[in-house]
Amino acid sequence: MTESVDIDRFTAWLRAFAGAIHEHAAELTELDSAIGDADHGSNMDRGMTAVAAALDADEFASAPALFKKVGMTLVSSVGGASGPLYGTFFLRFGGALGEGDADVTALGAALHAGIDGIVQRGKAEVGDKTMVDAWMPAVQAYDDARGDGLAAALRAAAEAAARGRDSATPLVAHKGRASYLGERSAGHQDPGATSTVLLIESAAATLAAS
Amino acid sequence: MTESVDIDRFTAWLRAFAGAIHEHAAELTELDSAIGDADHGSNMDRGMTAVAAALDADEFASAPALFKKVGMTLVSSVGGASGPLYGTFFLRFGGALGEGDADVTALGAALHAGIDGIVQRGKAEVGDKTMVDAWMPAVQAYDDARGDGLAAALRAAAEAAARGRDSATPLVAHKGRASYLGERSAGHQDPGATSTVLLIESAAATLAAS
Amino acid sequence: MKKLINEPADVVSQALIGIEAAHGDRLRIDHEHKVIYRNGPPRAGKVGLVSGGGTGHEPLHGGYVGVGMLDAACCGEVFTSPVPDQMLAATAAVDGGAGVLHIVKNYTGDVMNFEMAAELAADNGTEVRSIVVDDDVAVQDSLYTAGRRGVGTTVLLEKLVGAAAESGRPLDQLLELATRINSVGRSMGLALTSCTVPAAGRPTFELGDDEMELGIGIHGEPGRSRVPLASAAEAAQLLVDPVLGDLPYGTGDAVIAMVNGMGGTPLLELYLMYGEVHRLLQQAGIHVARCLVGNYITSLDMAGCSVTLVKADEELLALWDAPVDTPALRWS
Amino acid sequence: MKKLINEPADVVSQALIGIEAAHGDRLRIDHEHKVIYRNGPPRAGKVGLVSGGGTGHEPLHGGYVGVGMLDAACCGEVFTSPVPDQMLAATAAVDGGAGVLHIVKNYTGDVMNFEMAAELAADNGTEVRSIVVDDDVAVQDSLYTAGRRGVGTTVLLEKLVGAAAESGRPLDQLLELATRINSVGRSMGLALTSCTVPAAGRPTFELGDDEMELGIGIHGEPGRSRVPLASAAEAAQLLVDPVLGDLPYGTGDAVIAMVNGMGGTPLLELYLMYGEVHRLLQQAGIHVARCLVGNYITSLDMAGCSVTLVKADEELLALWDAPVDTPALRWS
Ligand SMILES: Nc1ncnc2c1ncn2[C@@H]1O[C@H](COP(=O)(O)OP(=O)(O)O)[C@@H](O)[C@H]1O
Ligand SMILES: Nc1ncnc2c1ncn2[C@@H]1O[C@H](COP(=O)(O)OP(=O)(O)O)[C@@H](O)[C@H]1O
Ligand SMILES: [Mg+2]
Ligand SMILES: [Mg+2]
Ligand SMILES: [Mg+2]
Ligand SMILES: [Mg+2]
């Protein structure tokens, strides 16, 4: 049986992410204080609170419609760097999904599309110390574990994202606000990579059947 | 023998006062922080440093000439409330002295003249919590002890000034910057009364033969 | 102490060097007397306006020297009144034959030093009048005290009387106008933090994280009372109520309103406060005909603000709208 | 946290209420989109100028909306770029048929959000060009990084390009002008204290009593390096040297100079700093043709300052001198 993700699971994912962001908002802002402008937590919390409200208010006929709303909501409520980046991710992610449920392959393709959007918008590469450092190894690990099923692939992705996040900590930032610090950015954990790990961990916790 | 004060002793008094002010400048400013604007020490120090420089630069033919210079120097260098008040004191004090040396009576008359100037300028009464609270009992004590000679009269004046200063501490200020504090001024020692005590103590230490 | 200065003792003289460098096209500085003048000689027949006071209240007074406002500003040491020599020099320099008005904030030191200067100027044959501004409702006024402090109304008065002087109004009428403005001007301020006087090197008063000082002046004097830190809405009420309570106001009365920062509070907060103040005035049926929001009479680096209202009739509004061309107020 | 605010989340919307109350005679606020407009419809044939960014830099940008400067300013959350919806609404509203120029400070978030808005506006048929200001010499520029931040030059550019737009210059020429101004504008800043973001509630960074941050931006980001607290003279050198070192300057070159306060530093210190900066420029043979001293692009309540120099030829000086009528810059 090929497991597939329906719109309820996608919704659960988004709610779980909103919850995780809310819970970790102070921590994200704290990380952003060290190498940014002390707002990543409040930015993301504002955005995901708006997304949760949109979920409450509307029924969505399909995953593409759902993620279009999510992406637009983030773009219009977050601002800063993370708004366009997460917004673009969800817009592209949803655009790559079909109308029906998504299996492990379709989900992988959608993740790739979303990440491509982030890279196109932000022009960051792995090693620039941004959320891309969490995303890239995550999708790589997902691809590698895809044969073991959705749950395994998502679990592998979440673990790889966390490793990617940590691998960026000693680096000097080359993109985003942290780059202004030059050498002083080294040794600090990137806030955007940290929220990305929360997103993928939420996916692992919600998208696959337990 | 009636002891009398010559211009060298007057000069010594002023130098002693300048030294005492310099030594206590931080303390005076500290007192002024509590109920004023944190400048009485620096004001008086600026003024008496200018006076000391004037003493270095010039020879004075008579006490009136000396004190005119002192008064004008204070008026033109101190500013604030204490500049016109101390300046007026010395202008009137000097104006009341004769050309020759001053005996205990002449000195008393000059003190009265100086204090009258302070009251005229500042319109404060005893109990308003100003330097007048030190001056008034001081000159009263001086008058009372005049019969015992200059040294005794000045000593009595210094002690009375200190008591006057202390008696004003529990009071609510009605004049000067401290009056803006209303009830909150009570319990704080008045900076101007404190510098007045230094002036009279310096007189006791220098004007009479030891 | 964290300040962009060199030696504390040189703050005033070095700031004057900067003011000259920045505004040499319009201002002239007498560095010896620490007086800021408009460029050019006094205008014959125009009353000269001289103000001054301690330094640390910028842009007051130097920023208000120029066409339509002051002719000269005397700069004392930080928070210390200037000395009579300074006002005497300024008075002589700006007298165009029509006399000179001294604009004095009611602080014992300022009053006494200006008084001495006025006496000396009169001896020299210059006609001098003085207006002593005393608008601070935080201070109880009485015959037996030093009276109210002079604060925010000074800014508005300098603009209004400056416009009248520019139009050639004679000295006694200017004094009358100034007296009238002072009688309808009221202010109240609060501080969130103390300021730090350069020569003292540390904050004048200590204030807990959850406290603020209500009824402060502009010299870092502690306020009238210490109250719990309040929201902007509550703070506005704490300032507006005593200001309104101190004068009879009728519905439809017009005012010129100023929400003024004490130097360390950013414009963002001042605008937010202005919104609160404006709302309260509307509720009280008062019409804000003109307003100023910004740092106009400050207390070094103090965080906080003050509210000033001057009741305004058509004449005052016309004077307000008259052109002004100074470093800190400029319109035409 | 000591601020004159109510709820941290309401700071921007409530400040806009205050701005409207204070400047309703000249400005119009779209509260839904948090956009500040000049009153009145767009002028046919005039290019619309739209800027914006995070709030907390006041008077930038809202204080620069008015004749001779911006047509609209989009207000993001505190220190957070506005979102594309805002710029899209502003772009549509100010388009008088001659297109719209976006003035963007080079911060990743601002650039991406303005980019999305420009794409959407283009889809709607509006011609949009964007100038991305990147003048901060504290940041090493390279192809592989986010590049320099956009700071003080933005203020001067908004004035200069605003004057050109007012005179009817077409969109592509305005972009050319803006590009040229950006290429001759350089800035450098330092902080004596951190600012406090309302939503965070405490200072963004800790700084010892004897330290300062050199090479800060305008968002409370820590600076490029932490150095011992310096005198004004030394601080001026630390700011002027890298600014001058970054462009070839010849003797007699003219500049428009700005000594800008970060929000918590009083004017007194800024003038003193300006004196130091002016002296250093004179020593370097540079002619300060025009200058600004004050709080023009701030970082909430941060104490500190920045120096901006824009090399100016006759054309730029004429644009500088052209009339401007906004809440924060006003002359004629
Ligand atoms: N060019 C970029 N590409 C990818 N991610 C980026 C880029 N710039 C910044 N980021 C991410 O955005 C995060 C900061 O987001 P946030 O604090 O919300 O925005 P801002 O930096 O505008 O305040 C960074 O930690 C980083 O992971
Ligand atoms: N009206 C007055 N009459 C007499 N003394 C006064 C009067 N007003 C103030 N003083 C004295 O002046 C002192 C303050 O002097 P100072 O701090 O130098 O001036 P300022 O108050 O202008 O800063 C007070 O402590 C008080 O003793
Ligand atoms: Mg951030
Ligand atoms: Mg004092
Ligand atoms: Mg004083
Ligand atoms: Mg941000």
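Throughout, protein chains are lettered first and strands after them, A, B, ... in sequence-line order, and every chain is numbered starting at 1.
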Pick from Ala124(A), Gly80(A), Gly122(A) with the largest number of heavy-atom pairs that fall under 4.5 Å of chain D: Gly80(A)
Least distance between heavy atoms, Gly79(A) atom then Val83(D) atom: N-CG1, 3.3 Å
Contact check, side chains of Thr108(D) and Arg177(A), non-hydrogen atoms, under 4.5 Å: no
What donor-acceptor contacts under 3.5 angstrom involve side-chain atoms of residues 188-197 of chain D, with partners at least two apart or in another chain?
| from | atom 1 | to | atom 2 | distance (Å) |
| --- | --- | --- | --- | --- |
| Thr193(D) | OG1 | Ala303(D) | N | 2.9 |
| Ser194(D) | OG | Thr204(D) | N | 3.0 |
| Ser194(D) | OG | Phe205(D) | N | 3.1 |

Side-chain donor/acceptor of Asn113(D) to backbone N/O of Pro84(A), under 3.5 Å: no
Audit row: Met116(D), Thr88(A), side-chain contact (heavy atoms from CB on, under 4.5 Å) steps and yes/no: CA-CA 10 Å; Met116(D) 290 185 96; Thr88(A) 300; 3.9 Å; yes
Pick from Gly76(D), Pro84(D), Pro82(D), Ala199(D) with the largest number of heavy-atom pairs that fall under 4.5 Å of chain A: Pro84(D)
Value rounded to 0.5 Å, distance of CZ in Arg202(D) from CD in Glu30(A): 4.5 Å
Qualifying ring-ring contact (aromatic ring centres under 6.0 Å, His included) pairs, either residue in residues 175-195 of chain A, two or more places apart: Tyr180(A)-Tyr107(D)
Close contacts, residues 55-62 of chain D versus chain A, judged by heavy atoms under 4.5 Å: none
Heavy-atom side-chain proximity of Arg46(A) to Thr80(D) below 4.5 angstrom: yes
Other residues, nucleotides, ligands: >12 heavy atoms within 6.0 Å of Asp56(A) CG: yes
Phe79(D) CZ to Asp37(A) CG distance, which is reported to the nearest 0.5 Å: 7.5 Å
Identify each donor-acceptor pair in which a side-chain atom of residues 58-66 of chain A lies under 3.5 Å from a protein atom, sequence neighbours left out, and give them as a table.
| from | atom 1 | to | atom 2 | distance (Å) |
| --- | --- | --- | --- | --- |
| Ser62(A) | OG | Ala65(A) | N | 3.2 |
| Ser62(A) | OG | Glu99(A) | OE1 | 3.4 |

Residue part contacting chain D, namely of Arg184(A), when any heavy atom lies under 4.5 Å: side chain
NE2/His22(A): more than 12 non-hydrogen atoms of other groups inside 6.0 Å: no
Nearest-0.5 Å distance that lies between atom CD in Glu77(D) and atom CG in Asp39(A): 9.5 Å
Per-residue contact mode, Ala34(A) against chain D (heavy atom under 4.5 angstrom): backbone
Exceeds 12 heavy-atom contacts within 6.0 angstrom, atom NZ of Lys69(A): no
Within 6.0 Å of CD in Glu119(D), more than 12 heavy atoms from elsewhere: yes
